[in-house]
Amino acid sequence: TDYETILTEARGRVGWITLNRPEALNALNTQVMKDVVAAASAFDADDAIGAIVVTGSERAFAAGADIKEMESKTGGEMLMADHFGGWAQFAAVRTPVIAAVSGYALGGGCELAMMCDIILAADTAKFGQPEINLGVIPGMGGSQRLIRAVGYYKAAELILTGRMMDASEAERAGLVSRVVPAADLLAEAEKMAETIAAKSLPSLYAAKAVLDAAMETPMAEGLRLERHVFAALFDTADQKEGMAAFREKRSPDFENR
Ligand code: HXC
């Protein structure tokens, strides 16, 4: 399938989505949202794909929502168009998603990274929620997800000042999973994605579901969910295979991968 604003590729069991609007530092307009959601949903529906990587260019993962597209809209138009509602569909993908971030991840770009499960950053990455400089606030989940990632005081400082933080500060703050040299970013992302994609899909879906739940449920409810999802996996052939392989001191040959 051809997309207007992204490049896609399936390599082994890994689905790649590369944002491709270099003229606008990969600003997220409506078409980008449609393309990314469609590509991620297609990979998600494909059992031959066990992990997805979303990446941008060396200079920018994404410099935010497209300011030029939004500028003249009224509040009513923004609400009616549900301009960014589609991103919720991206966040709901069951397949693990790695954001491989080089350069700017600002505003909606930072928020897109935070919709992914793992944020792998090049040492050149810069994160921020600069919306306050435009007279608005984060609108794609930033106010909620950033707090959960880095805590209230760090999130409040970033959102109220609009300043950027570099990759090492972002890693220390807990926004970034791991920092790698920029030249190694895609190779490291591929290695990580292949490692994940080699696992049993039902267990990956289950792990992602309970991780997601931890973001929004009280502890006791999350623990109850974990107990049931954990037990449910014992009805999969892959659990039997995984544990037999351990006992027999060999690698598992999962049916669902
Ligand atoms: C539209 C953008 C853009 C954006 C960059 N461009 N960011 N276009 N929307 N978010 C365009 C520029 O206009 C320019 O186009 C080209 O990309 C290159 O950018 P430059 O500014 O010339 O590059 P540079 O000087 O290197 O500065 C890089 C930058 C800066 C620091 C990242 O571009 C910047 O501050 N961008 C905006 C960042 C931002 O405010 N993001 C939050 C957006 S609001 P031309 O045609 O002039 O060459 C948001 C809300 C999300 O994300 C929630 C939605 C509801």
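We count ligands from 1, going down the list as the structure has it; atoms in each ligand are counted the same way. Heads up: numbering here begins at 1 and tracks the sequence.
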Note to self: Rounded at 0.5 Å granularity, tell me how far CG in L28 sits from CE in M33.
What the structure shows: 10.0 Å
Next item on the list: Just do the side chain to side chain contact (heavy atoms under 4.5 Å, CB included) check on F127 and V101 with the steps written out, would you?
Entry: CA-CA 9 Å; F127 297 86; V101 177; 3.8 Å; yes
Next item on the list: For ligand 1, indicate whether the residue R59 contacts it via side chain, backbone, both or neither (heavy-atom separation under 4.0 Å).
Entry: side chain
Item checked: Those atoms of ligand 1 less than 4.0 Å from some heavy atom in P130 -> 39 (C), 40 (O), 41 (N), 42 (C)
Note to self: My understanding is that we take every heavy atom of each candidate and find the minimum distance to atom 44 (S) of ligand 1. Doing that for D66, L134, N133, which one comes out nearest?
What the structure shows: L134
Item checked: side chain to side chain contact (heavy atoms under 4.5 Å, CB included) between E190 and R11, intermediate numbers included -> CA-CA 9 Å; E190 176 150 43; R11 219 151 58 223; 3.2 Å; yes
Notebook entry, point to check: D35 side chain to E4 main-chain N or O, any donor-acceptor pair under 3.5 Å?
Noted result: yes
Margin query: Give the atom numbers and elements of ligand 1 that come within less than 4.0 Å of a heavy atom of A24.
Written below: 2 (C), 5 (C), 6 (N), 11 (C), 17 (O)
Next item on the list: Would you mind running through ligand 1 and noting each atom that sits below 4.0 Å from a heavy atom of G108?
Entry: 49 (C), 51 (C), 52 (O)
Next item on the list: Determine, counting only non-hydrogen atoms of the protein, whether one lies under 4.0 angstrom from atom 33 (O) of ligand 1.
Entry: yes
Next item on the list: Ignoring hydrogens and angles, tell me if any N or O in the side chain of D123 forms a donor-acceptor pair with the backbone of A182 under 3.5 Å.
Entry: yes
Note to self: Among N26, I67, L112, N29, which one puts a heavy atom closest to atom 9 (N) of ligand 1?
What the structure shows: I67
Checklist line | Numbered atoms of ligand 1 (with element) below 4.0 Å of G139, judged on heavy atoms | finding: 53 (C), 55 (C)
Next item on the list: Run the numbers for me: atoms of ligand 1, each under 4.0 Å from some heavy atom of E111, listed by number.
Entry: 51 (C), 53 (C)
Notebook entry, point to check: Do any heavy atoms of Q129 fall under 4.0 Å from ligand 1?
Noted result: no
Next item on the list: Under 4.0 Å from a heavy atom of E23: give me the atoms of ligand 1 that qualify, with their elements.
Entry: 15 (O), 16 (C), 17 (O)
Check: Out of L25, L106, I132, whose heavy atom is nearest to atom 18 (C) of ligand 1?
Finding: L25
Margin query: Only heavy atoms of A27, strictly under 4.0 Å: list the atoms of ligand 1 that pass.
Written below: 1 (C), 4 (C), 9 (N)
Note to self: Which residue is it: R257, R247, R250, K199? I am looking for the one with a salt bridge (charged side-chain N to carboxylate O under 4.0 Å, His left out) to E241.
What the structure shows: R250
